[in-house]
> 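Once you've had a glance at the structure underneath, I'll fire off some questions.
Lettering of chains follows the sequences in order, A, B, ..., and the numbering in each one begins at 1.
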Protein chains: 2
Amino acid sequence: MSQREKNYDTKELVNQLLKDIQQGVIQDAEGQLPTEPELMNQYHVTRYTLRQALKNLANLGYIYQAHGSGTFARPHHVEGAISLQNNVGLTEEMARQGKIIKTTHISQEVVPLAKADFIPENQTLDKATELISVIRQRKLDDEPFLVEHSYYLKSIVGEIPDRALKGSLFAFINQKPGLKVGFIDSVIECEMISGLPARFFNVPDGSPSLVVRDDSYLSSGKLFAFSKIFYDFRKTKFFMLKKMH
Amino acid sequence: MSQREKNYDTKELVNQLLKDIQQGVIQDAEGQLPTEPELMNQYHVTRYTLRQALKNLANLGYIYQAHGSGTFARPHHVEGAISLQNNVGLTEEMARQGKIIKTTHISQEVVPLAKADFIPENQTLDKATELISVIRQRKLDDEPFLVEHSYYLKSIVGEIPDRALKGSLFAFINQKPGLKVGFIDSVIECEMISGLPARFFNVPDGSPSLVVRDDSYLSSGKLFAFSKIFYDFRKTKFFMLKKMH
DNA sequence: GAGTGGTCTAGACCACGAA
DNA sequence: TCGTGGTCTAGACCACTCA
C-alpha cells in the first residue's frame, strides 16, 4: 500500500487495489480485506469512490463482497478468460493477465456500405456511406486467436494510418480530437466459419467459431464502427460476474 | 407517468421508466428523455436513485446517455437476445420481451461429487459432497431452446420439491429462509454436444452449442450450485452493453 | 447486539457537446 | 457559453451475518 499525497480517483484506486491484492499485502490469511471504513482511511477516498473501485474488481473476478460479512479476495478467478465487463479493450485486458496480443496480418480498403459483408442491426445508414474495411488477424501469445473484420465510418474517423492498425484502434480513436469511444453493443453467438478465419485457425471449413458482433458508438451516441470478431472457440472463454438483487 | 405518494426505489423506478419508455410517453419525437434534474422532479427521486435506474436501462439496451447531450431512448434493441446483465434470471428476462420459457422434461437424482459430469473451476469441494443433480429441458415459445444440467449442494439447499423444478429454481432458493442468491460467475464458450442436448435440439452428435458454465454463490459467498447450460446455437444470442471509460 | 456491506439523500464541482 | 451527464464528497439509515 503505497503512501501518496494526491487522492486516488476510481481508475487509479482499481489499479492500486489490484496490485495490493495480487501481492497479498491487503487481505488476511482467510482472504478477507479490511472493512470499507478502513479502506477509506487507508487510501484516502470516500465511500463512493471506494465502492466504485470494489465493484470494478468484483466484475473482473478478483473480489466479492458479502453483505453482513465483509469483502474477500477470490481464491482463483477463471484462468485465461476474457472479462466481458473489462471496459478497457482486449489488448489492455490481456496485458493485465500477463498475455500479449499481437496483430500479424492487416488489410485495409474503402468500400461503400452496400458492399459490406454485414451491417449493424437496426441501424439506418445510407447505402453509399463510405466505410473503411479493416481485417486483422491477431495472435495471443503467438497462437492464432482471432480474426477481426471491422468497418469504420470514414466520415467520422477519417484515414487510418498503418501504424495505428497494429495496436488498439480504440486508442487511436480516443486520441483524435473530438472523438471519444462511448459504448459498445456486443452480441455473442456461435457461427460456422469458412475461408480466412478457418485457415488462420487451421480448421476445416464449416467449423464453429465464437463470434462477437460489436456496434461501437462515440460518447455522443453516434455509431462510428461495427465489427465481427471470430474467435478460435478452442481457446476462448468469456467471463462475467452477475450480481443478483 | 403515474402519480404516486411513496417514493420509488431503484427497482420500481426501472420498471416505471421502462413502461413509460415503451409507451413513448416520456421521450420526445427525437427519442430524447428529460434531463436528469427534470426526471428527479417527475419521479421524486434523488440523482443517485435515478442514475442507478438509468444505468440498468442502459444495460438492458433501452436507453443510452450521451455526456453533454442528453439521455435517449434507443430506437431498437437487439431482437430476441438474452441480456447478460439482466440480473433477474432467464424466465423473467424473457417475460419482459413477451416470450415464455417452459420446462418440458425434468430429472433429479442425488450423486456424490466424484460422479459429477463436471465440477466448478478452482473450487475445493470434498469428493463425497452430496449433490442434487437436476437436468431440465426447456422450450422458448414451444421450440427446444436449452438443456440445463445443474448440481445443487444438498447440504445447503436441502430437498427440492418437484413443483419447484418447473419454474425458477433461484426463486425457490431465495424463498427459503436464510438463503439468498448473491452472485453468479458465468463462463461462455462454444462446445460440441452429443447425447441428450443433441437429441433435444434435433442435431447430429458433434454439433456445436453455445454453453454457459455458471457457478452460483449465496450472498454470503458460499458456493451452492454449479451448472452447465447448453443452448441451441441457432436460436441463441447473448447481448451486452459495454461502457468505455 | 455489534459489525458488515447496500441503499439513499443532498449537494458540489468537473468534462463534454453543441451552438 | 450554456446545458448536459460524469465524478466525487459527506453523511444517514437500512439489511444482513454471525456470535
> With a 4.0 Å cut-off on heavy atoms, is B:Lys55 in touch with a base, just the backbone sugar-phosphate, or nothing at all?
nothing
> Is any side-chain N of the basic residue among A:Glu148 and A:Lys228 closer than 4.0 Å to the acidic one's carboxylate O?
no
> Ring centroid separation for A:Tyr152 and A:Phe226, is it under 6.0 angstrom?
no
> Using a heavy-atom cut-off of 4.0 Å across all strands, would you classify B:Lys243 as base, sugar-phosphate, or nothing?
sugar-phosphate
> Which pair of heavy atoms, one from A:Asp28 and one from A:Glu30, lies closest together, and at what distance?
OD1-N, 2.8 Å
> Does the pair A:Arg47/A:Glu36 count as a salt bridge with the N-to-O cut at 4.0 Å?
yes
> Quick one: does A:Val187's side chain get under 4.5 Å of A:Val212's, heavy atoms only?
no
> Is any side-chain nitrogen or oxygen of B:Ser219 closer than 4.0 Å to OP1 or OP2 of D:dT17?
yes
> Would you kindly compare B:Gly178 and B:Thr35 by the position of their nearest DNA chain D nucleotide and give the one closer to the 5′ end?
B:Thr35
> When you compare the side chains of A:Gln85 and A:Ser83, does any donor N or O come within less than 3.5 Å of an acceptor on the partner?
no
> OP1 or OP2 of D:dC16 less than 4.0 angstrom from a side-chain nitrogen or oxygen of B:Ser220, does that happen here?
no
> Does C:dG5 have OP1 or OP2 sitting under 4.0 Å from an N or O in the side chain of A:Ser69?
no
> If you compare every side-chain N and O of B:Gln52 against the phosphate oxygens of C:dT7 (OP1, OP2), does one of them come in below 4.0 Å?
no
> Report yes if at least one side-chain N or O of A:Arg51 is closer than 4.0 Å to OP1 or OP2 of C:dG6; otherwise report no.
yes
> Where the side chain of A:Glu36 is concerned, which of C:dG6, C:dT9, D:dT7 is the nearest nucleotide?
C:dG6
> Nearest to the side chain of A:Thr10 - D:dG5, C:dT9, D:dC8?
D:dC8
> Using a 4.0 Å cut-off on protein heavy atoms (strictly under), produce a 5'-to-3' string for nucleotides 10-15 of chain D with B for base contact, S for backbone-only sugar-phosphate contact, and - for none.
S-B--B
> I want to confirm an ordering. Mapping A:Lys180 and A:Pro37 to their closest nucleotides on DNA chain C, which one lands closer to the 5' end?
A:Pro37
